[in-house]
Every structure is written in C-alpha cells, then in structure tokens.
K.L.:
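Right, I'll just put the structure down here and ask away after.
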Amino acid sequence: MAALACRFAPLMAQTGGSSAYNYLDISGSAKIYGLGGVNISLVDPDDVMATDQNPALAGPEMSRGIGIGYMRYVGGSNFANAKYIGAAGQNGAWGVGLHYYGYGSVKEALPDGTIVGTFSPSDVAFSGIYSHNLGRNWRGGFAIKFLYSSYHSYSALAIATDLGVNWFDEEHDSSLSFTVSNLGGQVKKFNDRSEKLPIDVRIGWSKGLGSSPLNLSITAWNLTKWHLPYWDHGDGTSDPVKKDGFASNLFRHLVFGLEWKPTDKFYVDLGYNYKTHTDMATYQRNFLSGFSIGAGVRVKAFGVGVAFAQPHRSAATFMLNLTTNLYDFF
C-alpha cells in the first residue's frame, strides 16, 4: 500500500488530517469551490450542489432542482457528482446525492519495489438529506451518507451524519449557519484497520454589502481543534520551520469568499483559503496557492458554473457544474 499512500498525499495535505475520508471536505459545488472550497452560509436557491456543505441550505424553493458536476483534481484525479432536491410540503425539502472520487491509475508494487501491475482506487458517497423550516428565518437539516471505498483488494464501508442550521434575513441579506459534519464511523474496516471520519464543526456568515452586488462570506472550520501547525519550507535552502503561532492558527481556521452578482443570471466568485496556502508550503508553491476563482451564468433553463484553483505550481484544479429545474420542462 506504499504507492497508494503516496498517491493520496495531496488529498491529505489539503485537509490536515490522517483520515482516509478527507475527500469529504471537497465540495461538489463550483460556486463553493470558487469561494475558497468551504462555505456553509451562502443562500442560493439555484445552487442545489451547495447543500452538501450544509443540509439546512436545502428548501422547498429548490423543488425539482437537479445538478451534475465534474472536477479535475490534483494528481490526475477525476471526481463526479449529481444531486436532486424535491419539496416535502410547504416547509420542507428532501434530496439525494451521489459523489464519485476516482484517483487514476496507481502502480502496484511488491515489498521489494518490483512493479507487478496497476489498480484504480476510488471512493463513492451516497447521501440523503432532509431540511425543514423551524420558524421565522430559521431552517434546520440533516444528511445521512453511505461511504464506500475500494483500494485494490481493500474495501471499507462507513456511515456518517451531517447536522446543520441556518438563519437567513432576506431583508438585510444576512445569513448565519452552524454545522457538525461527519458524525459516524466504519461499518466495514480496511483489512481490520479502523479509520476515523473527519468530524468537523463549522460556523459561517454571509452578508450583502449594502446596495452593491457584493456578498462577503467568512467561514470558520476545523473548530474541533485549535492547533493546526504546519512546516514552512521557505525558499528550499534551509531547514523547514514549524509554524504554530496565534495568528497562523487563527487564519488556518478561516476561509474568505467574495461574490459579485450584478444580476440573478451571472456571478463571479473569489476565495482565499489560508490553510490550503500553508498546506502546500513548499518552495515551489506559487502566489496563487490558496486563491480560487469561479463564475456562473444562467441561460434559459440551464445554469453553468466553473471554478479554478492552483494550490501548487504543478497542480491546477478545475470544476464544472450544470444545473437546471425540471419545472422548466414539465
């Protein structure tokens, strides 16, 4: 499994954990990815894909909304996802989603290093969500996820739950959310070895900036632990330096996003994730590391969203979403 462990290094680096399930932190929404990859508070009835970050963002206003997505990730990985949201009465919503994470072809080697073939590891996540209005401006939701992993002759099955709540004041264009994600554990282990789920607590706030078409989001994540140290390699000419100061830890917990939406049919997003920037802290890191950009347009019944980021000089990522609503056809 040594070759496999090396293959997944980029996935682990961006999330800062040792869990085999850190792929759960990768959003399937191009809009969310453009806003820094983590956002639990931005309310957009047209973006059914964003509900994987917070089930409380789903609602009856999304009824019959459907979306599909593709992502070209680091290391030659290819991800795909699909989601459907339906109404459950006037105050509730339900949904189903499917995520596929394919990590390309990996060399299979014997303990002495002899290459004997290749295999294609993958993860699949199937989810079901439900949300309900809890009163004026308040909505709560939960998601249940079934997680299947297949790495050569090893496989595992896990069940996880996400809980979320959102407060939205439409008059003042202000939204506040709280989530607890990935509560659960493995039902079937990897070769009798247990792997923990990346349980996380997040708080997010989004606010329209006056009469302008701008919306600012700040999301705090990885709140189950304060210390998130990393190694700064500088220019590569000296030994790495461990960074674990107050300011470093604070900003590694924060993701910033800014959306410009002049009309309901067009938006541009810019995000900054300091944790991604520092996780890729090698002397080969480029200026763009940590930044992401996204844009979307709606043409008649279809919405198209794209996002791009380059966390490392040799690792660019690209995401594409296509959304529509079946009400436009039936």
K.L.:
If I compare all heavy atoms of Pro60 with all of Gly89, which pair ends up nearest, and what's the gap?
P.N.:
CB-O, 4.0 Å

K.L.:
Answer whether the closest heavy-atom distance between the side chains of His227 and Asn249 falls below 4.5 Å.
P.N.:
yes

K.L.:
Got a salt bridge between Asp264 and Arg298, using NZ or NE/NH1/NH2 to carboxylate O under 4.0 Å?
P.N.:
no

K.L.:
State the CD1-CD1 distance between Ile203 and Ile40, to the nearest 0.5 angstrom.
P.N.:
7.5 Å

K.L.:
Could Asp162 and Lys145 be called an ion pair, given the rule that one side-chain N must be under 4.0 Å from one carboxylate O?
P.N.:
yes

K.L.:
So do Ile66 and Thr324 actually touch side chain to side chain, heavy atoms under 4.5 Å?
P.N.:
yes

K.L.:
Is it true that Thr317 and Tyr33 share a donor-acceptor pair across their side chains at a distance under 3.5 Å?
P.N.:
yes

K.L.:
Within the side chain of Ser174, is there an N or O that forms a donor-acceptor pair under 3.5 Å with the backbone of Lys207?
P.N.:
no

K.L.:
Do Lys243 and Thr278 pair up side chain to side chain, a donor and an acceptor below 3.5 Å, judged on atom types alone?
P.N.:
no

K.L.:
Would Asn22 and Leu24 satisfy side chain to side chain contact (heavy atoms under 4.5 Å, CB included), going step by step from the backbone distance to the final call?
P.N.:
CA-CA 5 Å; Asn22 283 327; Leu24 294 172; over 6 Å; no

K.L.:
Between Trp94 and Tyr84, does the ring centre distance come in under 6.0 Å?
P.N.:
yes

K.L.:
What's the spacing between Asn325 CG and Ile85 CD1 if we round to 0.5 Å?
P.N.:
11.0 Å

K.L.:
Any donor-acceptor pair under 3.5 Å linking the side chain of Asn133 with the backbone of Gly135?
P.N.:
no

K.L.:
Would you check, one step at a time, whether the test ring pair (Phe, Tyr, Trp, His ring centres under 6.0 Å) holds for Tyr73 with Phe79?
P.N.:
CA-CA 7 Å; Tyr73 200 59; Phe79 303 159; 5.2 Å; yes

K.L.:
CG of Asp279 to OH of Tyr274: how many Å apart, nearest 0.5 Å?
P.N.:
10.5 Å

K.L.:
May I ask you to check whether Tyr272 and Phe291 place their ring centres under 6.0 Å from each other?
P.N.:
yes

K.L.:
Is Ile32 linked to Leu258 within one hydrophobic cluster, defined over Ile, Leu, Val, Met, Phe, Trp and Tyr using a side-chain heavy-atom separation of less than 4.5 Å?
P.N.:
no

K.L.:
Treating Ile, Leu, Val, Met, Phe, Trp and Tyr as nodes and any side-chain heavy-atom pair under 4.5 angstrom as an edge, say whether Phe178 and Leu223 lie in one connected cluster.
P.N.:
yes

K.L.:
Is there side-chain contact between Ile129 and Thr51, with at least one heavy-atom pair below 4.5 Å?
P.N.:
yes

K.L.:
Does a side-chain N-to-carboxylate-O contact under 4.0 Å join Lys275 and Asp25?
P.N.:
no

K.L.:
Taking the side chain from Gln186 and the backbone from Glu195, do they hold a donor-acceptor pair closer than 3.5 Å?
P.N.:
yes

K.L.:
Taking C-beta and beyond as the side chain, do Tyr267 and Lys31 meet within less than 4.5 Å on heavy atoms?
P.N.:
yes

K.L.:
Is the number of heavy atoms from other residues, nucleotides or ligands within 6.0 Å of CZ (Phe256) greater than 12?
P.N.:
yes

K.L.:
Aromatic ring centroids of Phe190 and Tyr151 under 6.0 Å?
P.N.:
yes

K.L.:
Restricting to non-hydrogen atoms, name the atom on Val180 and the atom on Val201 that form the minimum distance, rounded to 0.1 Å.
P.N.:
CG2-CG2, 4.3 Å

K.L.:
Leu209 versus Asn215: any side-chain heavy-atom pair under 4.5 Å?
P.N.:
no

K.L.:
Do you see a donor-acceptor pair shorter than 3.5 Å between the side chains of Tyr103 and Asp123?
P.N.:
yes

K.L.:
Out of curiosity, Lys261 NZ to Phe266 CZ, how far, rounded to the nearest 0.5 Å?
P.N.:
11.5 Å

K.L.:
Can you find a heavy atom in the side chain of Val255 that is under 4.5 Å from one in the side chain of Trp221?
P.N.:
yes

K.L.:
Side chains of Arg252 and Asn222: any donor to acceptor distance under 3.5 Å?
P.N.:
no

K.L.:
For Tyr130 and His132, work out which heavy atoms get closest and say how close.
P.N.:
OH-ND1, 3.1 Å

K.L.:
Is any side-chain heavy atom of Tyr100 closer than 4.5 Å to a side-chain heavy atom of Asn81?
P.N.:
no

K.L.:
With heavy-atom distances below 4.5 Å as the criterion, would you say the side chains of Ser292 and Phe308 are in contact?
P.N.:
no

K.L.:
Would you check if the side chain of Ser248 reaches a backbone N or O of Gly245 as a donor-acceptor pair within less than 3.5 Å?
P.N.:
no

K.L.:
Under 4.5 Å between side-chain heavy atoms, counting indirect links through other Ile/Leu/Val/Met/Phe/Trp/Tyr residues: same cluster for Phe302 and Met49 or not?
P.N.:
no

K.L.:
Could you walk me through whether Val38 and Gln53 pass the side chain to side chain contact (heavy atoms under 4.5 Å, CB included) check?
P.N.:
CA-CA 7 Å; Val38 185; Gln53 292 266 303; 4.0 Å; yes

K.L.:
Any idea how Tyr23 and Tyr21 line up, ring-wise: parallel (<30°), tilted (30 to 60°), or perpendicular (>60°)?
P.N.:
tilted

K.L.:
Check the side chains of Ser127 and Asp52 for a donor-acceptor pair under 3.5 angstrom, ignoring hydrogens and angles.
P.N.:
no

K.L.:
Answer yes or no on whether Arg64 is positioned over the face of Tyr327, meaning its NZ or CZ is under 6.0 Å from the six-membered ring centre and within 45° of the axis.
P.N.:
yes

K.L.:
Please report the shortest heavy-atom distance between Ile68 and Ala82, naming the atom on each side.
P.N.:
CG2-CB, 4.0 Å

K.L.:
Taking atom types as modelled, is there a side-chain donor on Ser217 or Asn39 under 3.5 Å from an acceptor on the other?
P.N.:
yes

K.L.:
If you measure only the distance, is there a donor-acceptor pair under 3.5 Å linking the side chains of Ser181 and Asp200?
P.N.:
no

K.L.:
First locate atom CG of Leu35, then atom CG of Asp269, and finally report the distance between them rounded to the nearest 0.5 Å.
P.N.:
4.0 Å

K.L.:
Is the side chain of His253 donor-acceptor paired with the backbone N or O of Lys225 at a distance under 3.5 Å, no angle test?
P.N.:
yes

K.L.:
Would you kindly confirm whether Leu214 and Ile293 end up in one hydrophobic cluster when ILVMFWY residues are joined by side chain heavy atoms under 4.5 Å apart?
P.N.:
no

K.L.:
Distance-only, no hydrogens or angles: does the Arg139 side chain make a donor-acceptor pair with backbone N or O of Ala58 under 3.5 Å?
P.N.:
yes

K.L.:
Between the side chains of Asp47 and Ser29, is a donor N or O closer than 3.5 angstrom to an acceptor N or O?
P.N.:
yes

K.L.:
Closest approach of Leu57 and Met62, non-hydrogen atoms and distance?
P.N.:
O-CE, 3.4 Å

K.L.:
Provide the closest heavy-atom pair for Ser27 versus Gly37 in the form atom of the first, atom of the second, distance.
P.N.:
CB-O, 4.0 Å

K.L.:
Is it the case that the side chain of Asn273 and the backbone of Gly36 share a donor-acceptor pair, with hydrogens and angles ignored and the cut-off at 3.5 Å?
P.N.:
yes

K.L.:
How about Ser206 and Ser41: does a side-chain donor come under 3.5 Å of a side-chain acceptor?
P.N.:
yes

K.L.:
Step by step, work out the side chain to side chain contact (heavy atoms under 4.5 Å, CB included) result for Leu176 and Asn166.
P.N.:
CA-CA 6 Å; Leu176 181 66; Asn166 172 256; 5.9 Å; no

K.L.:
Between Asn54 and Leu42 (side chain of the first, backbone of the second, donor and acceptor by atom type, cut-off under 3.5 Å), is there such a pair?
P.N.:
no

K.L.:
Name all residues meeting the side-chain contact (heavy atoms from CB on, under 4.5 Å) criterion together with Pro45; count only those two or more places apart in sequence or in a different chain, and write none if there are none.
P.N.:
Glu61

K.L.:
First locate atom CG of Leu250, then atom CG of Leu254, and finally report the distance between them rounded to the nearest 0.5 Å.
P.N.:
5.0 Å

K.L.:
Check the surroundings of atom NZ in Lys189: do more than 12 heavy atoms from other residues, nucleotides or ligands lie under 6.0 Å from it?
P.N.:
no

K.L.:
Looking only at atom types and distance, does a side-chain atom of His277 sit under 3.5 Å from a main-chain N or O of Ser289, one as donor and one as acceptor?
P.N.:
yes

K.L.:
Given side chain to side chain contact (heavy atoms under 4.5 Å, CB included), test Val124 with Leu98 step by step and report yes or no.
P.N.:
CA-CA 7 Å; Val124 178; Leu98 180 67; 3.8 Å; yes

K.L.:
Thinking salt bridges, do Asp244 and Lys242 make one under a 4.0 Å N-O criterion?
P.N.:
no

